[in-house]
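Protein chains get the first letters and strands the later ones, always in sequence-line order, with residue 1 at the start of each.
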Amino acid sequence: MVNKIKMSIIEKGIITDIKQISGDIWDMTVAASQIARNSKPGQFVHVKVNNGFKPFLRRPLSIGPVNGDTLRLIFLVKGGGTQILAKKNVGEEIDMIGPLGSAFRMPKKDEFPIFMAGGIGIVPLLFLDDCLTNDIQRLFLLGLRSRSFSTVSDDELNKRSIYVSSDDGSIGFKGNVIELLTEQLDNNKLINPIIYSCGPGIMLAKLKEFCEMRQIPAYVSLEVPMGCGVGACQSCAVPKADGDGYYLVCQDGPVFDASLVNLNHGELP
Amino acid sequence: MVNKIKMSIIEKGIITDIKQISGDIWDMTVAASQIARNSKPGQFVHVKVNNGFKPFLRRPLSIGPVNGDTLRLIFLVKGGGTQILAKKNVGEEIDMIGPLGSAFRMPKKDEFPIFMAGGIGIVPLLFLDDCLTNDIQRLFLLGLRSRSFSTVSDDELNKRSIYVSSDDGSIGFKGNVIELLTEQLDNNKLINPIIYSCGPGIMLAKLKEFCEMRQIPAYVSLEVPMGCGVGACQSCAVPKADGDGYYLVCQDGPVFDASLVNLNHGELP
Amino acid sequence: MIVNANVRMGDIELRTPLLTGSGTFGYGSEFEDLTDYSALGGIVTKSLSFEPRAGNPPPRICETSSGGIINSIGLANVGIEEFLGSKVNELPLDKTEVFLSVVGDSVEDFTKVVERLEDVERIAGYELNVSCPNVKRGGLSLGGDREAVTAIVREVRALTKRFISVKLTPHYTLIAPVAQAAVDAGADALTLINTLVGMEINAETRKPLLGNITGGYSGPPLKPVALAKVWQAAQVVDVPIWASGGIVNGIDAIEFLLTGATALQVGSVLFADPKAPTRILNEMIQYCERHNVDSFTDLIGGLRT
Amino acid sequence: MIVNANVRMGDIELRTPLLTGSGTFGYGSEFEDLTDYSALGGIVTKSLSFEPRAGNPPPRICETSSGGIINSIGLANVGIEEFLGSKVNELPLDKTEVFLSVVGDSVEDFTKVVERLEDVERIAGYELNVSCPNVKRGGLSLGGDREAVTAIVREVRALTKRFISVKLTPHYTLIAPVAQAAVDAGADALTLINTLVGMEINAETRKPLLGNITGGYSGPPLKPVALAKVWQAAQVVDVPIWASGGIVNGIDAIEFLLTGATALQVGSVLFADPKAPTRILNEMIQYCERHNVDSFTDLIGGLRT
Ligand SMILES: Cc1cc2nc3c(=O)[nH]c(=O)nc-3n(C[C@H](O)[C@H](O)[C@H](O)COP(=O)(O)OP(=O)(O)OC[C@H]3O[C@@H](n4cnc5c(N)ncnc54)[C@H](O)[C@@H]3O)c2cc1C
Ligand SMILES: Cc1cc2nc3c(=O)[nH]c(=O)nc-3n(C[C@H](O)[C@H](O)[C@H](O)COP(=O)(O)OP(=O)(O)OC[C@H]3O[C@@H](n4cnc5c(N)ncnc54)[C@H](O)[C@@H]3O)c2cc1C
Ligand SMILES: Cc1cc2nc3c(=O)[nH]c(=O)nc-3n(C[C@H](O)[C@H](O)[C@H](O)COP(=O)(O)O)c2cc1C
Ligand SMILES: Cc1cc2nc3c(=O)[nH]c(=O)nc-3n(C[C@H](O)[C@H](O)[C@H](O)COP(=O)(O)O)c2cc1C
Ligand code: FES
Ligand code: FES
């Protein structure tokens with residue numbers, strides 16, 4: 001919905017680094033100058049994980065931190081497609097369409113940005129974090145199931161001063177990330193907060209409720225299965241909050257003003 | 001039709017040797033005691049070339065020379081299935097159903113056996129050759145397109161005194177194997193010949209015609225695409241010579257008295 | 001944990017929900033050296049017609065680039081006379097339930113075959129293969145799909161007290177009315193689905209891969225179509241559904257139970273893996289153990305929508 | 001060797017036989033940064049209905065274990081009013097031939113849309129998506145498949161001189177009579193086939209993968225079914241056939257030409273490979289070079305049977 005950018009290309013990036021962050025989480029750096037140089041935080045690439053047509057569809061992945069000609073893709077091995085990605089080696093090509101979709105709108109001068117990530121939802125927020133100049137204060141929260149499911153390295157946690165919550169208390173705050181958010185908001189009496197969030201559907205739905213109650217603006221990045229990724233097939237519908245039809249996540253999103261979308265669909269099947 | 005044998009099993013053999021004979025021809029030795037010990041020349045195994053279901057069907061392959069607990073599979077890399085087979089290594093398992101189908105009937109005392117192979121059709125004849133005691137005279141003919149498409153090693157050619165014809169004259173007699181057969185029959189004035197043959201459909205059809213003209217009994221081993229391999233699905237039909245329906249190659253064959261089958265179907269599509 | 005594998009359909013109890021698909025397991029004895037019958041609830045025999053049928057010219061089977069197969073057997077079978085003379089003795093009646101598949105081009109074809117089969121003892125029931133279009137009655141073509149199915153099922157029903165499943169093709173514009181018609185006419189179960197009509201060619205030689213050009217498409221590519229038809233039929237009929245189409249492993253089988261099937265036919269997979277029934281049954285049991293389900297029956301229709 | 005890629009259909013000449021499948025290429029501009037239009041003979045737009053349609057609840061797309069996909073977009077489209085207001089300006093009329101796909105639940109739906117579209121200039125023709133069962137006329141359900149197709153095509157034919165292709169589903173018991181009915185009613189071409197009805201579920205969560213439970217199954221598993229329908233229709237009608245179903249490479253495309261198709265729609269493949277038209281065209285040309293064929297037209301119907 002915000003800062004919609006056209007002009008996407010197909011680019012064959014070259015993997016320059018790939019490492020395992022934790023159990024099923026991989027962090028891949030790809031040299032792809034054209035996509036990298038035109039990306040804004042919140043946008044995504046549509047990745048062909050294999051030659052041929054197995055799997056048949058591309059996989060949408062958020063664009064993580066960009067550094068000159070490279071971008072980082074951080075992903076959870078969920079099924080067959082991401083499994084193939086995780087087995088790639090440095091030097092291999094990776095066919096991507098991007099940058100696609102909408103970007104986060106930047107915080108205004110008087111707003112206090114809060115990044116709230118659930119698990120692997122941290123990826124676009126890392127990029128957004130990089131795009132705010134150092135003088136801008138911010139709060140970065142990450143909810144994990146447990147330490148062993150971490151989606152970023154300890155180094156990165158420290159460097160970015162990320163506050164972590166975990167369901168089992170094995171790292172950081174014990175509880176969910178909405179509880180952590182509540183605690184932080186209340187303890188620090190933050191003025192004019194604006195929330196940027198990405199994570200599991202249930203977390204986003206709760207966040208939306210929370211923000212509506214407290215009248216805090218929130219931007220959420222959504223995940224739905226996609227076909228084309230470019231607005232042609234209407235596969236990626238998300239219901240509008242007003243009940244009047246659907247937005248397309250690949251084109252109108254993936255970043256949405258939380259108040260405009262209906263998030264009561266729970267997790268994907 | 002002849003010497004029909006029941007009792008087939010699924011056995012996971014172990015590859016003990018695999019080598020390339022020429023361009024696309026591979027010679028694999030498999031330890032599979034139960035199948036090996038129960039096989040008769042002419043019978044075949046139905047081979048699962050891969051775990052899972054890609055390709056979906058098994059591949060029928062003639063049982064080549066048997067040596068105690070091992071048997072040889074010699075195959076032409078024709079498409080995807082045999083390609084997978086050719087890439088297997090010593091020590092790998094290979095899932096086979098066998099022995100399946102009918103065997104060649106052995107020559108009677110007064111008959112002079114002639115083996116006539118076209119290309120990869122030599123496989124069951126090698127096994128048959130081994131099964132005749134040394135005192136039995138025989139003539140072994142092999143038709144090739146050219147030397148570089150040989151389906152047996154030079155060693156084996158010599159050891160078995162195989163007469164070769166090639167279309168281009170690059171090895172042995174220049175011409176086709178029926179011409180070679182004619183020459184041999186006429187020059188050597190063989191009495192009571194009986195022909196055992198396996199090879200391309202067109203060669204077998206010509207052989208049948210030839211043998212009918214000269215009133216020579218002939219047994220042919222046929223190839224048609226198969227489903228089950230055990231007589232359950234009726235996929236492997238070959239028309240009866242009398243026009244009254246079909247035989248099943250996996251059950252009534254693969255070895256047939258040439259006079260009983262209609263071979264005018266040419267090559268497979 | 002012990003998982004209860006049996007399923008009930010009216011008076012019939014199958015010790016497992018697994019049946020063999022018609023035409024893929026012959027008359028039930030061809031695979032006897034290879035397949036463990038204890039994993040099977042029953043078998044369905046090759047479709048039997050009144051007159052013998054020689055079948056189609058070869059080749060009769062090919063693979064598709066999509067990972068399935070196409071067959072054009074052409075319903076080759078020995079006909080009722082020879083069946084009663086010889087094949088009937090091969091039926092594995094001591095080992096499992098036997099359902100006889102019957103096919104015909106006219107209503108009379110079906111009734112003439114079933115009439116004769118009624119004399120064969122210990123048969124659990126019939127599967128009526130009504131999947132061929134253009135069925136006739138007394139020589140006249142029957143109007144629509146529903147009319148043909150109704151006529152066949154009603155007249156066979158009048159002849160027998162045995163269990164009848166009616167096997168439908170996926171090539172109906174809508175499956176629900178045909179499914180309903182079969183049940184209204186007296187079917188005890190529906191078998192969904194028969195093969196799709198398919199074709200493959202070799203572009204290099206420009207020849208079709210089958211002698212008959214087109215044939216019946218089966219195997220894994222059929223599964224999504226079969227799931228949809230089972231689901232659609234399960235919404236409108238109350239009789240048990242026998243699923244057929246692309247089952248190769250235990251998860252496929254579980255998917256069909258969840259979608260509403262009571263019994264599950266394994267067909268093409270037997271060619272690749274004659275021991276598939278045992279393997280699939282084990283995989284189904286493992287699923288149940290993982291999900292704390294103590295009976296296959298509890299999964300039937302358990303899709304969460 | 002220069003291979004002549006163009007094909008003729010009546011008055012229309014396509015510079016290549018490749019078209020985009022309805023619903024996979026939007027209104028023709030969404031892919032403009034990615035796809036080279038010069039490889040396309042034309043595009044077919046997303047099916048347009050009289051009233052806007054919001055479409056089905058998400059998820060709307062999933063993969064199948066058989067290597068295809070299922071979509072349940074639910075014919076989401078902006079409706080004729082908004083189409084004429086905005087989308088019409090996105091049509092790539094300068095780049096390629098544009099065929100507008102039209103859909104409806106009743107005969108009147110079709111005629112009302114086509115009437116309005118007649119005012120849009122430079123449109124090459126229409127594709128009538130008659131693949132939904134239960135079409136009505138004046139509120140009454142039309143009897144059979146042939147009746148519905150005949151009514152729609154005849155009434156649209158009366159409204160326009162433009163090229164009309166009629167897109168049929170594979171879920172007819174027999175395709176030939178429906179194909180014949182469409183041609184008799186005035187169709188200039190037939191598009192074969194629309195998607196199969198399919199469904200996938202996640203056995204672990206017990207949920208269907210699509211919000212609408214069932215959807216349209218497309219991609220490689222569809223190809224054998226589409227080949228069979230193209231072949232069967234080509235035996236009975238003389239109009240050009242537009243093939244649709246599972247084309248992902250040049251050999252697939254050649255197979256459809258040989259089987260009798262004149263034009264070839266690329267659909268789902270565009271999601272994986274937006275440059276598919278260029279790749280497929282090159283692969284087709286390579287085939288022709290290898291086989292010494294100097295025009296695609298020479299391959300049409302060239303199957304050796
Ligand atoms: C805009 C966007 C950005 C994303 N960014 C990231 C990211 O940075 N890191 C990351 O790990 N994941 C991200 N995802 C989710 C990621 O796309 C899926 O986890 C991935 O597609 C799963 O593929 P698979 O083959 O491993 O799993 P499978 O479950 O086998 O996939 C089967 C199908 O479902 C689709 N699918 C499955 N899960 C999802 C999902 N959560 N969202 C969308 N489609 C799904 C797949 O694309 C595929 O088509 C993002 C999704 C979207 C829409
Ligand atoms: C009884 C019998 C014995 C055989 N013995 C041998 C042997 O010893 N050595 C050897 O090289 N080949 C033999 N063949 C042929 C061999 O089965 C095929 O070459 C092989 O199946 C091709 O598989 P593919 O995947 O490489 O080729 P593809 O062409 O990709 O196979 C596609 C499908 O067609 C079938 N098919 C293709 N060609 C044939 C064929 N000629 N006969 C039967 N089915 C075919 C395959 O089994 C498969 O189902 C024999 C065939 C039969 C019926
Ligand atoms: C070789 C072969 C022969 C078949 N013959 C019949 C038949 O005679 N009658 C019938 O109703 N179905 C027949 N079928 C269809 C199967 O019973 C089954 O419905 C179909 O193959 C789908 O299931 P599958 O994907 O598990 O094979 C046949 C299938 C194959 C592969
Ligand atoms: C996402 C999607 C949307 C589709 N929408 C339509 C449509 O609106 N109208 C139509 O006639 N066909 C529609 N189709 C069917 C395609 O045009 C095509 O006929 C079918 O997908 C088979 O071809 P394929 O295998 O090349 O995709 C759609 C297909 C997909 C995948
Ligand atoms: S994925 Fe095709 S419109 Fe969004
Ligand atoms: S291959 Fe099944 S009967 Fe011969």
Side-chain angles (χ1 to χ4, degrees), chain B residues 5-11 34 38 46-60 79-81 95 97-100 201 222-240 243-251 261-269, chain C residues 20 23-35 45-46 52-69 71-78 200-202 204-211 215 218-221 246 248-249 267-275:
Chain B
I5 287 152
K6 256 256 150 142
M7 280 308 284
S8 44
I9 60 149
I10 304 188
E11 186 172 10
Q34 304 210 58
N38 290 298
H46 212 22
V47 179
K48 197 157 187 321
V49 298
N50 220 349
N51 290 330
F53 299 96
K54 288 169 187 174
F56 195 82
L57 294 175
R58 288 174 179 260
R59 298 298 190 256
D95 175 323
I97 304 177
L100 294 166
L222 303 183
E223 295 185 5
V224 291
M226 289 185 176
C228 67
V230 300
C233 73
Q234 316 223 35
S235 296
C236 57
V238 59
K240 295 183 180 174
D244 181 24
Y246 297 90
Y247 291 116
L248 296 183
V249 171
C250 75
Q251 192 178 54
V261 284
N262 175 346
L263 298 175
N264 297 323
H265 278 264
E267 296 310 311
L268 293 174
Chain C
T20 59
T24 63
F25 205 67
Y27 295 103
S29 67
E30 294 83 349
F31 276 98
E32 71 186 341
D33 302 337
L34 308 173
T35 304
T45 55
K46 174 73 188 169
R53 297 194 191 190
N56 288 324
R60 289 183 177 177
I61 193 167
C62 70
E63 290 178 315
T64 66
S65 51
S66 54
I69 60 175
N71 81 81
S72 64
I73 309 301
L75 292 167
N77 79 92
V78 296
E200 280 278 350
I201 75 173
N202 179 342
E204 300 303 317
T205 61
R206 300 195 193 176
K207 288 193 198 161
L209 292 188
L210 296 175
S218 65
V248 302
N249 61 45
S268 310
V269 68
L270 292 163
F271 305 163
D273 179 12
K275 296 196 188 305

For C:Leu270, which atoms come within 4.5 Å of any heavy atom of chain B: side chain, backbone, both, or neither? neither
Per-residue tally against chain B (heavy atom, under 4.5 Å) across C:Asn71, C:Asn56, C:Asp273 peaks at C:Asn56
What residue in C:Lys275, C:Glu63, C:Lys207 has the most heavy-atom pairs under 4.5 Å with chain B? C:Glu63
Using a cut-off of under 4.5 Å on heavy-atom pairs, state which of B:Gly245, B:Cys233, B:Gly80 scores highest against chain C. B:Cys233
Shortest non-hydrogen contact from B:Tyr246 to C:Gly55? CE1-O, 3.6 Å
About how many Å separate CD of B:Gln234 and CD1 of C:Ile61, when rounded to the nearest 0.5 Å? 11.5 Å
Distance col, row B:His46:NE2 vs C:Phe271:CZ, nearest 0.5 angstrom, shows 9.0 Å
Portion of B:Phe56 that has a non-hydrogen atom of chain C nearer than 4.5 angstrom: both
Would you say the side-chain atoms of C:Glu30 pair up with the backbone N or O of B:Val230, donor to acceptor, closer than 3.5 Å? no
C:Pro58, C:Cys62, C:Pro59 screened by side-chain contact (heavy atoms from CB on, under 4.5 Å) with B:Leu268, the one that passes: C:Pro59
Rounded at 0.5 Å granularity, tell me how far CG in C:Leu34 sits from CD1 in B:Ile9. 9.0 Å
Under 4.5 Å, counting heavy-atom pairs only, tell me which of C:Ile73, C:Asn202, C:Thr205 racks up the most with chain B. C:Ile73
Counterpart residues, salt bridge (Lys or Arg N to Asp or Glu O under 4.0 Å), relative to C:Arg53 (two or more places apart): C:Asp105
Whether the side chain of C:Arg60 engages the backbone of B:Ala237 through a donor-acceptor N/O pair (distance < 3.5 Å, no angle test) should be reported. no
Could you look at C:Thr64 and say if it's the side chain, the backbone, both or neither that has a heavy atom under 4.5 Å from chain B? neither
Could you tell me which portion of C:Pro208 (side chain, backbone, both or neither) has an atom closer than 4.5 angstrom to a non-hydrogen atom of chain B? backbone
Could you please spell out the steps behind the side chain to side chain contact (heavy atoms under 4.5 Å, CB included) verdict for C:Asp33 and B:Ile10? CA-CA 9 Å; C:Asp33 302 337; B:Ile10 304 188; over 6 Å; no
Do you know which of B:Gly227, B:Gly231, B:Cys236, B:Pro225 has the most heavy-atom pairs under 4.5 Å to chain C? B:Gly227
Tell me the salt bridge (Lys or Arg N to Asp or Glu O under 4.0 Å) pairs involving residues 46-58 of chain B, sequence neighbours left out? B:Arg58-B:Asp95
